[in-house]
Asks: 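Sharing a structure below in structure tokens format, with a few things to ask.
Convention: sequence-line order gives letters A, B, ...; per-chain numbering from 1. Computed from a predicted model, the values in this text were never measured in an experiment.
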Amino acid sequence: MNRREAVGRGCFVLYLKRILKGLLVLATIVCVLTLAWQYVYYPDNYDANRVSGFYQEPEESLDVVLIGASDIGRAYCAGLAYRDYGIRSYPFVINGDDVHVWKYQLSEVLAHQKPDKIVIEVNGALYSQEEEKKFHMYESAVSRLSETMPWSPRKLRMVQEYLRSSGNYGNALSLYWPLYANHADWPGGVLSVFYRIQMNRTKYDFNGGVSTLRGFETLTGQKPIGPQQEIPSSYEAVLDPEYERALREFLSCCRKKGMTNILFIRAPHCLAAGDERAKLMYGRSNRIGSIIEEYGYPYINFENHKDLPGIETPGDFYDSQHLKVSGMQKFTAYFSGYLLENGVNPKARKISPRREQQWRRTVDYTERFLRRYDELCRDGQQDTDLYESPELLETLQGGQYAGKTNPQ
Amino acid sequence: MNYITFAFVIFTAVTVLLYYLWPWKKYQWCVLLAASYVFYCSSSVRMAVWMVITSIVIYLCALRMEKLGDAEAAALHRKKPDGTALLRPEKKALKAVFKRKRRALLTFGLLIIFGILAFFKYIPGLISGISGGRFTMNLLLPIGISFYTFQSAGYLIDVYNGQSRAEKNFFKIALFVSFFPQIVQGPISFYDQLGQQLYEEHKPDWRGFKYGLSLILFGYLEKMVLADRIVGYIYQVSDNYTQYSGTLTGLAILLYALQLYADFAGGINISIGIAQLFGISLQQNFRQPYFSASINDYWRRWHITLGAWMKKYIFYPLALTKVLTGLQKKLGKSDFGKTEFGRHLVMVLPASLSCLVVFLVVGIWHGAGMKYVAFGLWNGIIIMISMIFEPVFKGWNRKLSINEKSASFRIFQCLRTFLLVYIGYVFDVGKNFRACLGIFSSILTRQNFRSLPAEIHSVWGDFTSLTLVVVLFMTALLFAVDLWHERHPGMSLRGRIDAGPFVKEWFLVTACVITIVIFGVYGPGVNPVKFVYMNF
């Protein structure tokens, strides 16, 4: 090798070393921040727990996956559905879910599960752009999902689509990199950080790697619900143009994918007198059925069929938009029966004894959860949010909540 | 465009890339000029007009002064109509004429540029003060106006004194005035130090990049993790000091000492680091100020470039004026002047009086208000006293057998100086002069150490153990870095780390980045806290 070649090679090696050193620094930073996000910052709310719990479910182990907002999240209980009907389900649900993210949620479901039925509650298609400007449901849905969805091209596309349609590029960093938005959310003092790390590390150990309550969440007590307004079931209201466009886009996407196992529903709600928004949503829920049926998908509007599960208004409601536990029990029983008659066949899905054991624990702790709920209601506790948390699971281990589990 | 935004990071990265990829190397500086104006106009296009006016004024005045200088040289060498050379008195008269013209131009130029500064900085306060608050004038202060005005004035004076040649290219002057890394809060540069660097060609330098980036990283660490974290606590107490104990107020001033240093030094580090990415060296503005042995020493370590500017353009010219030298001579001839103390006083009188004036100017530079005047006078008087009574203090040390070179005496000096600086900080923090006096009174008379923890808990509710750990850690880090530099004068810690094993460097860089990401104050809902000196 002559001198020039030697110098050239030396330069090449030098630059290569510099690049490698730089990459090493970058890799270390990324690793540490990923671990920090995973174990320190992981959002501690029921949406995050529900979504992350979905990804803990073993592949192709669910018979039913529900997509939608809190309406359906509090209306259908996976533990009771398994106990009484053998249906293994999971609510891939976020509060204020929006139709614009349905296709990404569906893609996530199809990427990890092969359910007999995908149930979509249509609340997310009933909003309007004015409401979006005020309450930012779309933004919130994307934000909540991006906090907990694992990195994938779907997640990137979801964020990109939101940014393009909203023009809200100022939020881009928070959505692509949730740590940017949440880095100040320290759990408290220094010692509580270690507690938090421990909790996040052992989050799913209680039920052998999956969530215990399978995403179920409810609130105690009942909010005042006024007299109901009588609206004819033929009353229809047009959907917001943008939301109708997004809905049709979603339905076309389902058709293109050849999806035949999707069922759209509208969970039961109260229609309080004087509540114009409730009336509008009701009208839209009637109109949406014809759009859905245009694409060949079934739709059940439980607003008009509360009698089928035997739901009483307002007694079975927590507030005008959500069922309380009594309503949930009725709805879960009826809807599970409906699903069994309409394509859901849990017996055809073979699961291992270990998975069975996990579901039995889910049933056991769901029952304990309900006893705890009853206890809090008897004590007059109002609006206490009950969802799977280390503190709640520790409470439920108490002997007073144990009972005879009655598996199917 | 705030330094603490991603937009600024991307802007800087793009500018660096463009700078080195620019094909016409001779005009590489044009990239800096364009970037500087983009940076400035991103805050306000209207305010950029004042910067342009300043550039035009100094450009034209400097050119004209130089032309007069050339004309003077030509005239002095010219022969009289009869072919004989000019006589000495004739040359003297000619020089005086040209000097008067140049001085008029200098005065004109300085009046314009300082007039603009005074208009924005002092007129609104004056109008409000004179009218008793009935009339107010809401004027947005152009960013960095004090800094670029002083820098421009320095250039003009240097050309007047013949220390620099006037730049013939207007755009180069525009760049000198507007150079974006330093426009927000300095450092203030002299033309002969910065000018040539700006215009010459620079090639990418790996070490320069590394040093620059590491300094920028350290600057962000100081600003985002420490300064911005504690700024809210300080003003929560100082703005409402009557509601809190003197102990808490005193603690808030202590935090201010920390916050101001971290904010200002952090910003300067970012500025110097960015300049280094372009291969341009800016002057250091801080040299471990809290290790100062005296107030005099402190002002040679704090805001060094402002002190250097004041020294060059105010202190020395003032000390050499006929008034002060005359006073010096008069005192020297008196009986008192023949005593030992008198002889010392004669020596230091011009300097000490000049110092007083300089610090009065420094105080007024900080703002229009009694409290700033008081701040300036406080520092000026302390320096004056220390200069005048230096022999007395040395005598005390001798009598008490104090070893002035010992470590314990050095620590005493540092603590003493810090206390004096701390008192000065009260003038910074108080809303107005009356509030400053109230804060002093509160600290001295309303002490309650016993209830301090409870008071902190109730007033600064979110001051958790984590915040305390972060603040203590960052304080220890700044102290350690400064201590290292104090014990290794002339050496660079960055150089030492660079020369060491890669693992150490890798660990430090990683730790810095992670600390900023996790503990930095930024994110949605957080307004980037402006640098303190951006308002000057």
Asks: Select one option (side chain, backbone, both, neither) describing which atoms of A:Leu33 are under 4.5 Å from chain B's heavy atoms.
Replies: side chain

Asks: Highest number of heavy-atom pairs under 4.5 Å with chain B: which of A:Leu26, A:Asn182, A:Leu173, A:Asn171?
Replies: A:Leu173

Asks: Which of these passes side chain to side chain contact (heavy atoms under 4.5 Å, CB included) with B:Met474: B:Val469, B:Leu258, B:Leu226?
Replies: B:Leu226

Asks: Check whether any side-chain N or O of A:Ser389 sits under 3.5 Å from a backbone N or O of A:Leu392 as a donor-acceptor pair, and report yes or no.
Replies: yes

Asks: Of the backbone (N, CA, C, O) and the side chain (C-beta and beyond), which part of A:Trp37 lies under 4.5 Å from a heavy atom of chain B, both, or neither?
Replies: neither

Asks: Check A:Ser146 against A:Pro178 and note the closest heavy-atom contact, atom names and distance.
Replies: O-CG, 3.5 Å

Asks: Hey, are A:His322 and A:Ser70 close enough side-chain-wise for a donor-acceptor pair under 3.5 Å?
Replies: yes

Asks: Determine yes or no for a side-chain-to-main-chain donor-acceptor pair under 3.5 angstrom, with B:Gln259 supplying the side chain and B:Val231 the backbone.
Replies: no

Asks: Out of A:Tyr243, A:Tyr104, A:Trp102, which one pairs with A:Phe250 under the ring pair (Phe, Tyr, Trp, His ring centres under 6.0 Å) rule?
Replies: A:Trp102

Asks: So what's closer than 4.5 Å to chain B heavy atoms on A:Ala181: side chain, backbone, both or neither?
Replies: both

Asks: Which of residues 501-512 of chain B get closer than 4.5 angstrom to chain A, counting heavy atoms alone?
Replies: B:Phe502, B:Trp506, B:Val509, B:Thr510

Asks: Given a strict heavy-atom distance threshold of 4.5 Å, which part of B:Val517 is in contact with chain A: side chain, backbone, both, or neither?
Replies: both

Asks: Strictly distance-based, threshold 3.5 Å: is any side-chain N or O of A:Thr220 a donor or acceptor partner for the main-chain N or O of A:Thr384?
Replies: yes

Asks: Under a 3.5 Å cutoff, is there a donor and acceptor pairing between the side chains of B:Tyr522 and B:Thr5?
Replies: no

